[in-house]
Every structure is written in C-alpha cells, then in structure tokens.
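What follows is one structure encoded as structure tokens, with my remarks underneath.
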Amino acid sequence: MRILIANRGEIAVRLVRACRELGHESVGVYSDVDRTQPHVLAADLAVRIGPAPARESYLNQDTIIAAARSTGAGAVHPGYGFLAENAGFAKLVEASGLIWIGPPPDVIELLGSKTAAREVARSVGVPVVPGSDALPDAAAARAFAAEVGYPVLLKAVGGGGGKGMRIARSDAEVEEAFARAASEGKAFFADARVYAEKLIERPRHIEVQILGDRHGNLVHVGERECSLQRRHQKVFEECPSVAVDAALRARLGAAALAVAGTVGYRSAGTVEFLLAPSGEFFFLEVNTRLQVEHPITEAVYGVDLAQLMIREALGEALPLRQGDLAPRGHALECRVYAEDPLRGFAPSPGTIHHLERPDGPGVRVESGVREGSVVPLDYDPILAKLVVWAEDRPAALRRLRRALTEYRIAGIATTLPLFRLLLDVPEFTAGELHTGLLDELLSRGPVQSLEAAGDPALEEAAIVAAACLAAEEAEHLPRDGFESAEREGREWRLVGRSQLHGRGPR
Amino acid sequence: MRILIANRGEIAVRLVRACRELGHESVGVYSDVDRTQPHVLAADLAVRIGPAPARESYLNQDTIIAAARSTGAGAVHPGYGFLAENAGFAKLVEASGLIWIGPPPDVIELLGSKTAAREVARSVGVPVVPGSDALPDAAAARAFAAEVGYPVLLKAVGGGGGKGMRIARSDAEVEEAFARAASEGKAFFADARVYAEKLIERPRHIEVQILGDRHGNLVHVGERECSLQRRHQKVFEECPSVAVDAALRARLGAAALAVAGTVGYRSAGTVEFLLAPSGEFFFLEVNTRLQVEHPITEAVYGVDLAQLMIREALGEALPLRQGDLAPRGHALECRVYAEDPLRGFAPSPGTIHHLERPDGPGVRVESGVREGSVVPLDYDPILAKLVVWAEDRPAALRRLRRALTEYRIAGIATTLPLFRLLLDVPEFTAGELHTGLLDELLSRGPVQSLEAAGDPALEEAAIVAAACLAAEEAEHLPRDGFESAEREGREWRLVGRSQLHGRGPR
Amino acid sequence: MRDGRQAEVSVRRVGNAWEVTVEGNIHRVEMLPIHAGMSALFRPDGRNYAVASQRLARNHWRVSLAQRHFEVRLHDPLERAVSGSAAAHAGPHEVCAPIPGRVVSVAVAEGDAVRAGQPLLVLEAMKMENQISAEGPGKVERVLVVPGETVDGGQVLVVVQ
Amino acid sequence: MRDGRQAEVSVRRVGNAWEVTVEGNIHRVEMLPIHAGMSALFRPDGRNYAVASQRLARNHWRVSLAQRHFEVRLHDPLERAVSGSAAAHAGPHEVCAPIPGRVVSVAVAEGDAVRAGQPLLVLEAMKMENQISAEGPGKVERVLVVPGETVDGGQVLVVVQ
C-alpha cells in the first residue's frame with residue numbers, strides 16, 4: 001500500500017516512519033518553501049502541491065487528491081491541523097476511491113460542532129460545563145450568566161486553539177467579549193456564532209486517548225494532562241496526570257468511551273475534559289485526529305498509536321484489549337516552537353544554523369527540521385517535540401533537565417529556554433498545574449529576568465568564546481585595499497576548506 | 001557528589017548522562033587525540049590524562065587517581081573495558097579514599113579467573129561446560145579431550161573477548177592450538193596459562209543481568225541473547241531471547257543469583273551461559289561490570305542500570321523487587337564499529353565528515369562521536385550503539401530496518417551496512433541464532449555481493465548525484481593560470497560562506 | 001546574557017591559547033575547531049564548552065553556547081565590544097534585520113542622503129510588517145537586499161555612512 | 001555501487017536542472033543545497049535523496065547517499081568518470097591514501113624520478129603498516145604530506161607526473 005501524508009514538519013516525518021515500519025510506501029507533499037525539508041526527503045516519493053501559502057498548498061484539497069492519484073497512493077493520512085478535522089476533505093478522499101485514515105467523515109462532522117458534541121455527551125450522561133446554545137446577542141449571554149453565575153466564557157461555535165474565546169467576569173464585560181469572540185470566529189472559522197459557558201477556575205486540562213475499529217472494539221489508553229498552556233495553546237504535556245488515580249482513570253475512560261461509542265467512533269481520537277479542583281470533571285470536546293502529544297501515551301502504554309491508526313484504516317481489528325493496557329512510568333513532552341520566549345514569544349522564522357538533538361536513555365525527539373532547514377514564515381511554528389520517559393515523574397523531570405542541556409538550536413529563537421526555566425518553578429515540579437498557571441507565571445515578570453538568573457560563569461565563558469571567535473575570524477579579514485584583499489581571500493578559502501574537512505586535533 | 005568517569009566514547013557519554021540525571025557532577029578524562037570528543041564536552045569537568053596510547057592515558061591508574069584528586073571527585077566509574085575489571089585499580093581507588101562504582105575488588109579478582117569462577121559455579125550446583133584446570137602442556141590437553149571427546153576449546157586463563165581462544169577438532173590440532181592460546185594469553189593478558197573446555201556446537205550465548213546491594217538485596221533483570229558474534233566479538237544483542245520462556249528465564253535467573261549470592265556480589269554484573277540446542281545450559285563466566293549491551297535490558301524492563309549502579313555505590317538500597325521485574329516488548333542492539341564490512345572488517349579510523357542519527361518512536365542511539373569527530377587509531381573501534389524497542393520481535397526488526405535507513409555516517413566506513421544485510425537473512429529474522437552463525441554467513445560469500453543486490457535505481461541516483469556535485473564544484477575551480485585562480489578564488493570563498501549560512505530554497 | 005549588556009573585551013593570542021580580558025578579569029583559554037561553525041572552548045579549571053558560531057556580517061557574529069545566544073560586533077582588530085542579544089542595536093554604519101523575515105519594500109537607493117528615523121525598508125515576518133529606519137543622519141553607502149528576499153535575523157540590510 | 005565499477009557520465013546544466021547522461025541513459029534532475037556538505041537530489045518521478053559530499057582533492061569527491069558511499073574523479077569540465085568505492089584505484093597523476101591513517105615515513109622527494117612499484121611512503125592505521133607505491137613510472141611533482149601527519153582515506157599524498 002502507498003500512503004499519502006497530507007501534512008508537513010514533525011508529524012509528517014512521524015507518519016513516514018509509521019508507514020515504513022508497517023512496510024507501506026509513503027508519499028510526501030510540499031509547498032515551494034518546503035522542498036528540502038526533512039518530511040520531503042524522508043518520504044519514498046514527494047510531490048509539489050503549490051506555493052507557500054497554506055490555502056494554496058497544504059489546504060488545497062484537489063491538488064492533494066491529484067497528488068495521490070498521480071503517485072498511485074491508496075490512502076491518505078492527514079496528520080493534525082490543516083485538513084485533519086475537515087469532514088469535507090475526508091468525504092472527498094473516500095469519494096475519490098481512496099482510504100481515509102481517520103474517523104468516519106460523518107463522525108468528524110458531528111463532533112466538529114462544539115455544541116453538537118456537548119449534546120452527545122449530555123445524551124449519555126457525561127457531565128458537561130454548564131453552557132448555552134448559540135446566542136443571538138450579548139443580552140442573551142448576560143441572561144445565561146445570571147443563571148450559572150460569573151465568570152463566563154464566550155466562545156465562537158467554530159472556534160478552537162484559544163481563538164474566538166473571551167472571558168467575562170461581570171455584566172459590564174459581556175458586550176465587548178461577545179463582539180470579540182464573534183469577530184474572531186468570523187475571521188478564523190468563517191462562523192460568527194457565539195455560545196456561552198460557565199468558567200471553571202483553575203481547572204486541569206485532562207484528555208483521554210481512545211482507539212476504536214470497525215469490528216466493535218473500542219478502548220481507552222489512559223489520560224494525558226495538558227494544563228500548561230500559553231493563551232490556550234498547549235506547550236507541555238504529561239502522562240499520566242498527577243491528579244488522576246486508577247479509580248478516576250477508570251471513570252474518565254468510561255465517560256470517554258460512552259461518548260465515542262454512541263457516535264460509532266473508530267480510529268484514534270481524544271476526548272477532552274476539564275478537571276475541577278473539587279475533583280469533578282466536565283466534558284469539553286472530542287479531537288477527531290491523532291494528537292500532537294500522542295507520543296507520551298505511546299511511551300507509557302507501550303503502543304504505537306500512529307501505526308494502529310493506519311492498521312485500523314486498512315481493516316485490521318484492534319490488537320489491544322482494555323485489560324492489557326497498563327501505564328508504566330511517566331512521560332513528559334515539550335513543544336519546541338519557533339517563538340522567542342525572551343521577546344514575548346515573537347515568531348522566529350529563519351535558518352537553523354546549528355542543531356543538536358538530545359539522545360540517550362528515555363529520550364525521543366520528533367523533529368521536522370534539521371541543520372540548515374529554513375523555518376518558513378507561513379505555517380504553525382512547531383519545530384519539534386522533546387519527549388522523555390522515566391520510571392516516575394521526579395526521574396522524568398531530572399531526565400528532561402539533562403536532555404535540555406543537550407538540545408541546541410542556533411540561528412533562530414525557540415521555546416527551549418522556557419522549559420529550562422519551568423524546571424525551577426515549584427508549582428511545576430510539584431505538579432500543581434492548572435490551565436492558567438503558565439500565563440500567570442509569564443505575567444509575574446519578564447522571562448529574561450529568570451533567564452539572567454542563570455550561571456554567571458557561563459555568561460563569562462560565552463563572552464570569552466565570542467571574543468576568541470571574533471579575533472580568530474578577524475585574522476582572516478581583508479584589512480587594506482585590493483592587493484591584501486586578494487591575499488586574505490586565499491587565506492580565507494583555505495580556512496573554509498579545512499573546516500569542511502572537519503579536522504580535529506592533531 | 002562529583003564522579004570521575006575513567007573511560008571514553010559512548011559509555012563515557014552514557015555515564016555523564018546518568019550522573020547528570022542523578023544530580024551529580026561528572027569529570028571526564030581524555031588523551032591528546034580525544035580532546036574535542038563528545039565525552040569530554042559532555043562532562044562538567046575534563047582532565048587530560050596523557051598521550052594517545054591507552055597504556056599512557058586510559059590505562060594509567062596513577063594519573064586517573066590524580067585527576068580525581070585534582071578535581072575533588074569522590075567516586076570513580078570505570079565503564080567497560082580499560083580498567084573496568086581490574087581488581088588492582090578498584091583497590092587503588094578505594095585505598096585513595098574514593099568510592100569505587102562497581103562490585104567489591106575481591107569479587108572482581110575472584111571472578112576474574114575463569115577457572116576460579118567455574119569452581120564457584122560448581123560449588124553451588126550450577127552446570128559448567130566440562131573443562132580442565134590450567135594444563136601443563138598440549139599432551140595434557142589431548143588427555144582431557146580423550147575424556148570428554150572432541151571438539152575442545154583451548155583458552156588462556158586470563159583471556160576474554162575472543163582473544164587467547166583456539167579450537168581443536170582432533171589430536172593433530174591440539175599442539176598448535178595450545179601454543180597459540182598460550183602466546184596470545186601472554187601477549188594480551190600477561191598470563192600464558194591455558195585450560196581446555198568441551199566445545200558445545202551451535203550454542204546460543206545467553207547472559208543474565210544481575211543487580212545487588214550491600215543491604216542483602218540481589219535480583220536478576222532477565223536475560224539477553226548475544227549469539228551474533230564475529231570472531232567471538234558480540235555485534236548484535238537482543239532482549240528477551242526467543243529461546244527463553246518464563247520457566248527457563250526463572251531457572252537461568254536462579255542459577256545466576258546462586259553464583260552471585262555465594263560470592264557476595266553487589267552492583268551490576270552479568271552471568272554468561274551457553275544454551276545448547278538440547279535446552280541444557282552451562283555457566284561460562286561473570287562479567288563484573290556494566291555491559292556494553294545494557295540498554296536493551298533497560299528498554300524491556302524499564303530500569304536504568306547505570307543510575308542504579310551509581311546509587312548502590314553511594315549506599316542506597318536497591319529499589320527493585322524481583323516480583324516487579326517483568327519484561328515488556330522486545331529490544332535489539334546493533335554495535336556500530338569503525339570497521340568496513342565490505343573490506344573484511346578492516347579498521348576504519350578517520351574523520352566523520354557527515355553524521356545523521358535516527359530518532360523517533362522506540363529508537364535510542366548511544367553515540368560517542370559527532371559530526372567532525374576524528375576516530376583515533378588507538379582504541380576499540382566502537383562508535384555507537386543503535387537500540388530499538390517495539391511491542392514484539394517482528395515489530396522491532398521492522399523498526400530497526402526503518403532506523404537503519406535514517407542512520408548515516410560518512411567519511412569513515414562502519415558496520416551499519418552489515419545490519420541492513422542481516423535483516424534479509426532468514427535465520428536472523430527467524431531468530432535461529434547460534435554463536436557461529438555470523439561467521440558462517442560471512443564465509444558464504446563476500447558481503448559486498450549481498451550489498452550489490454541493493455536497489456539498482458539507487459545506484460543510478462548516486463552516480464547522477466555525484467556527477468552533479470562534481471560538475472557544480474567544478475564551476476568554481478581555477479581553470480587557467482594565476483590571474484583566473486585569483487578570480488575563482490573569490491568565487492569559491494562566496495560559495496563557502498553561503499554554505500556556512502546554510503541557506504535553503506528561496 | 002542580560003539583554004543589551006555591553007562589555008569591554010580585549011583579546012591577545014598567546015601561542016595556541018588566547019588571553020581574554022573581560023572588564024579587567026583575565027581569562028586564559030584555548031579554542032579548538034570541531035566542525036564547520038562548531039568549536040570547543042577550554043578553560044584552565046577543566047570546564048569545556050561546545051560553541052556554535054555564525055558570521056552574520058563582515059564584523060558581526062552570532063555565538064551560541066550552552067543554549068544561550070550572543071551577538072558580537074568587532075570594532076577593531078585588538079579591541080572588541082560584546083553586546084547582548086539585542087540584535088536591534090545596529091552598529092554605527094550597518095542597519096541589520098531585527099528578526100528574520102522577508103523584505104517587502106526598499107525605500108532608499110545607494111547614494112541617498114537620509115535623516116535619523118527616515119524609513120529605509122519594510123520587513124515582514126509571520127504576517128507582521130516591521131519598518132526599518134535609519135538610526136542617525138548619513139548617506140546610504142550600500143543597499144544589500146532586494147524586495148522579496150528572505151533575510152536572517154541580524155543580517156546587514158543597508159550600510160549608512 | 002559494485003566495487004570498482006566504471007561509468008561514462010556526462011553532465012549538462014539546463015537552467016536550474018542538470019541533464020546527466022549515464023552510459024547513454026539521460027536523467028533530468030535537480031540538486032539543491034541543504035547545508036555545508038549536504039544537498040538534495042530530486043528526480044522527476046518524485047524520488048528524492050539527501051546527499052552528503054566531501055571534497056577529498058582538487059578533482060576528487062566522496063559522495064554518500066542512502067547509506068551508500070561513492071568516490072568520483074573529475075576528468076574534464078564536461079566529461080566525468082565515476083568509479084566505485086575502490087579508493088585504492090588512484091587517478092593517473094595522484095597517489096591517494098587507501099584508508100585513513102598516520103604517515104610513518106616518506107621515501108621520495110619532489111623532483112625524484114620513480115619507477116612503477118617503487119615505495120613512496122608508509123601509512124599506519126590501527127597498528128598495521130601499509131606501503132604505498134607508485135603505480136607507474138614518472139617524476140614526483142609534489143609530496144603533500146609529512147611524517148606524523150594524519151590523513152583521510154582518499155586524500156592525495158603524492159602527485160606523480
């Protein structure tokens with residue numbers, strides 16, 4: 001079987017690996033700016049699908065179908081993002097006689113509407129956060145708030161990932177919050193409808209991994225905690241959650257399977273919950289795709305979710321039984337973004353001049369870039385995921401600290417420094433997490449003040465190293481006039497070549 | 001605590017990581033040719049211990065003790081090889097007021113003698129291969145053979161790793177075999193004594209990992225199969241063994257613990273057995289150190305042997321109970337040597353011009369080199385270890401095949417091609433292994449004939465790529481005379497710099 | 001390094017070693033090449049560091065060490081000032097890209113006279129446009145980029161004399 | 001590649017692409033740089049390859065692709081012969097190191113006349129000494145190494161005219 005991967009970056013590389021390990025050929029796709037990216041060179045075949053802008057390439061459904069046809073691919077895996085939760089594309093894939101690697105299109109469509117998903121949960125007795133249907137106006141939102149009490153959250157019906165979401169803590173704040181949510185919903189998801197939700201304060205984000213097949217098998221593979229978020233964007237995840245014991249895990253799993261079962265779910269998916277400090281949990285939504293953070297579940301449960309998703313799509317029965325799925329140890333994931341935490345998380349596209357990945361026991365890096373890669377201006381800033389596993393959470397945190405000393409990316413700024421700083425934050429190391437914690441930490445003071453608290457000897461060493469390099473290179477700079485420029489030119493050339501030969505000490 | 005690592009290469013890097021994850025500082029040591037190797041830059045501190053030759057650096061006991069003193073180190077970890085099983089060094093470390101991270105020196109000494117170790121095994125009822133004590137001459141060896149029957153193995157008392165070991169299949173062959181074993185024993189281990197052993201044909205090499213502490217805890221962590229050997233040198237290992245079921249595992253474990261218990265073993269160690277096709281097993285020897293192949297046990301049992309060894313040495317009680325140690329999945333290890341399998345495994349020192357490590361699910365690389373590293377002429381040729389884990393052996397083999405497509409080392413030859421070839425050998429994939437299998441395979445025909453059976457399209461692509469590069473670089477070559485050489489020189493310089501900037505496509 | 005920190009540094013070669021004086025403190029170190037853009041720094045106390053370096057312009061380097069990034073400008077073969085990662089502080093003569101991006105438009109030509117604050121060009125990064133202006137008055141000596149070109153952070157865009 | 005294979009290859013640049021003729025078969029490919037010593041080869045059928053390359057001498061390259069290693073010699077700007085990984089086959093004028101090692105001794109000086117098979121120098125690798133001899137008669141034009149020097153496999157040691 002030949003499988004087209006309708007995505008880019010680290011998830012496309014991940015899926016190429018899954019295909020290869022299953023003995024399937026992979027077809028990669030690329031926009032003009034991605035031509036030499038790892039996901040293109042890793043695939044067995046690669047096809048250009050258009051210019052840089054996503055809507056002209058990775059979101060261009062017809063071109064992607066054509067690429068599958070021209071390469072003789074028999075199936076399509078969407079990864080996450082882009083077209084992964086686009087029911088229309090899933091239908092187009094199947095209508096084109098190709099296998100869609102994911103849940104049934106009508107299930108994607110049904111669960112794609114937050115309000116419909118909440119209805120499904122209610123219908124099987126799974127608790128949901130008190131919320132409204134789509135509201136006509138701010139007045140209706142105030143009425144809802146009067147009922148459930150402030151604070152309330154105003155959300156775009158089509159929203160997600162923090163976009164189209166606003167908090168109102170009093171009647172006074174509703175007007176603007178409603179307008180903002182509506183306009184963002186319109187801008188990002190072409191849908192201005194807004195609904196309201198009771199806001200649970202200091203909740204944990206807990207999600208349950210589910211897997212189903214067309215033979216009636218449906219299991220959950222434990223939970224992940226994704227409470228560390230910056231502006232509703234996950235930046236760090238772990239498995240298991242410190243807040244979930246075996247009993248709660250069983251209850252969360254049962255709730256997730258109830259929702260999935262009633263809609264005839266199959267393939268991989270994630271059921272998201274809010275876990276209140278009180279211990280009660282509320283259904284949030286279902287992500288009908290392979291999740292960014294799936295590797296931590298793979299590490300702790302010893303399964304390969306990407307492979308299982310492909311095998312299910314090709315008709316295999318799920319080889320897992322609920323009773324066999326037991327967690328072992330603890331896994332952490334850091335999302336490495338091309339954002340500069342020292343400058344307000346400003347986007348940081350550009351050329352990766354130097355890249356060193358950590359390795360060794362319990363370390364896995366899912367990377368979509370390599371040394372020399374140009375990080376384009378055009379897509380999601382995720383570069384890679386650093387995943388560590390160890391026998392327990394404290395050991396995993398120590399391993400993460402070690403791995404971060406080995407992970408070097410130069411040429412562009414990344415979020416790596418953020419994780420080094422988090423390891424010194426008591427609430428983080430103690431696991432006292434909630435979805436607002438990271439924004440609170442970042443608002444306490446500029447990140448660089450924490451960064452500056454680093455080893456001063458290191459700072460001196462850096463200055464010394466910089467000065468030596470500058471001096472050394474300066475010895476090969478033209479100093480005066482053409483004649484000497486020629487002479488220096490030849491010297492420089494020799495240096496350039498001996499570097500390319502990578503000679504070590506004699 | 002500050003810990004000196006008296007080793008180099010991948011195992012030194014492994015131990016730096018273990019120290020860092022436990023919150024200890026590490027002290028690396030280096031000879032003149034190793035100054036910029038990863039194990040030096042990874043350590044918190046590094047000390048020069050002499051010129052390239054091992055006996056003047058990594059085997060120089062006094063210099064290493066002095067390095068520990070000068071850096072305020074409180075403990076010494078020897079890794080494997082070099083001084084790891086040198087009881088004299090272990091005693092010197094302790095006499096110097098430093099902690100020796102390993103078994104008690106007297107236990108190393110006792111088990112260091114193969115004949116004494118066999119006595120220990122016999123004394124606790126563990127079967128050993130019928131063998132003699134040290135023999136005065138070839139005649140005595142023939143007498144022994146008359147007793148147990150040919151073939152017999154003549155071994156140097158101090159021998160190991162295939163050195164000082166000769167087979168005799170008839171009286172006629174004994175004379176020379178005896179002489180060779182004696183001379184090699186003298187040359188490599190300064191001990192010319194030789195003993196004889198009944199040779200078990202087509203056996204598997206099965207070894208049991210043990211761990212003990214000074215509080216009376218002693219456990220085994222399952223077996224490893226290391227039957228794939230080239231001239232008695234392990235090249236590939238796996239855990240668990242396809243030939244060992246739970247019942248046999250329990251019997252092997254009990255035998256290993258009986259031997260270890262009676263000598264008061266503590267720290268990490270390995271008890272080696274021969275497993276005959278008949279199913280009976282025979283004690284071989286005890287390796288009183290951390291084994292090269294320890295990562296496959298770590299992957300399958302979810303433990304960190306390197307960390308446990310350090311924690312035990314610092315007085316901690318072993319946190320493991322035998323009942324909790326259950327295998328999960330299957331792990332494989334490939335030893336990446338600087339040897340050229342296409343040229344009779346000729347040594348291949350030199351500069352690693354290009355290096356790409358595999359990554360992703362279930363892949364761990366323990367590497368002692370990086371891009372730009374110079375592999376010296378002076379030491380063991382091991383560069384790195386490729387370790388893969390998966391749910392079962394077939395999945396692990398498929399993952400290994402995938403990982404090998406990602407692992408690239410250019411500039412020197414390595415044994416990586418050998419493993420790609422092994423994946424197409426039926427006996428290998430079926431797990432029908434024995435210690436003679438690899439030598440048989442290699443004797444069947446030149447490795448390159450198998451290699452040439454590779455994808456012909458790939459060969460064309462390589463020629464095409466080579467030609468393009470040559471042509472491209474040729475455009476920047478001086479063509480005629482000095483004047484143009486100057487002009488070309490400047491062009492070349494510009495190319496060199498744009499490469500250094502690593503620009504991608506525009 | 002604390003953002004924007006300025007340090008007076010002088011460097012002297014002593015055989016294979018370097019003698020680096022940072023604000024009066026003398027450091028005796030060695031520096032060995034590992035690979036293109038990679039070196040190792042050795043301090044007498046046994047501390048070693050792998051150092052990645054990138055030359056951004058004729059007298060301008062980016063240096064990365066132990067996950068920290070620094071930018072260096074060379075002022076004269078024997079005297080250097082090391083400045084923190086505030087790439088926006090351009091040298092007296094060079095206008096550099098504050099972040100990587102794509103050149104949208106260039107407002108000046110070589111030979112033009114410019115006053116302080118005069119727009120020189122517009123740079124776009126991830127959908128945000130940034131106007132790059134002259135820090136002081138002068139004459140445009142060189143324009144090193146063209147519209148549509150992608151530039152690295154710190155790359156020299158315009159040289160003002 | 002089959003050891004020692006010889007192939008007649010010619011290369012023509014066609015815009016951004018290359019037209020490579022290998023023993024009569026024409027391949028239209030593109031080649032893009034990724035990083036120092038790394039490029040990507042694109043074939044029209046959608047197959048892509050990452051290619052690592054190293055320049056061993058003025059007209060001599062080592063190329064690695066999909067875990068296979070090749071050595072290439074350039075004979076004239078428009079005509080090339082690609083030879084398999086038998087680095088020992090030196091070109092007509094250059095004597096190269098068959099494997100990496102350390103130069104123990106050099107037996108000839110520039111200007112010396114040498115006959116076929118005459119020892120030129122001794123190379124040591126992992127404790128084994130290898131004598132390097134002239135393939136044919138000629139005059140030593142250049143000696144590029146000195147005793148004690150470490151050389152890469154394929155590196156040019158002596159040029160015989």
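Convention: sequence-line order gives letters A, B, ...; per-chain numbering from 1. Computed from heavy atoms alone, side chains included, the values below leave out hydrogens, waters and symmetry copies.
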Have a look at B:Val464 and tell me which of D:Leu41, D:Leu65, D:Val11 forms a side chain to side chain contact (heavy atoms under 4.5 Å, CB included) with it.
D:Leu41
Under 4.5 Å from a heavy atom of chain B, the part of D:Ser53 involved:
both
Between B:Arg408 and D:Met38, does a side-chain contact (heavy atoms from CB on, under 4.5 Å) hold up when you go through it step by step?
CA-CA 12 Å; B:Arg408 295 147 183 256; D:Met38 277 295 297; 5.8 Å; no
What part of D:Ala50 gets closer than 4.5 Å to chain B, counting heavy atoms only: side chain, backbone, both or neither?
both
For D:Met31 and B:Ala465, the nearest pair of non-hydrogen atoms, with its separation, is CE-O, 4.0 Å
Got B:His354 and D:Gln54 here, is their nearest side-chain heavy-atom distance under 4.5 Å?
no
Note: vs chain B, highest number of non-hydrogen pairs under 4.5 angstrom among D:Val29, D:Val63, D:Val51 is D:Val63
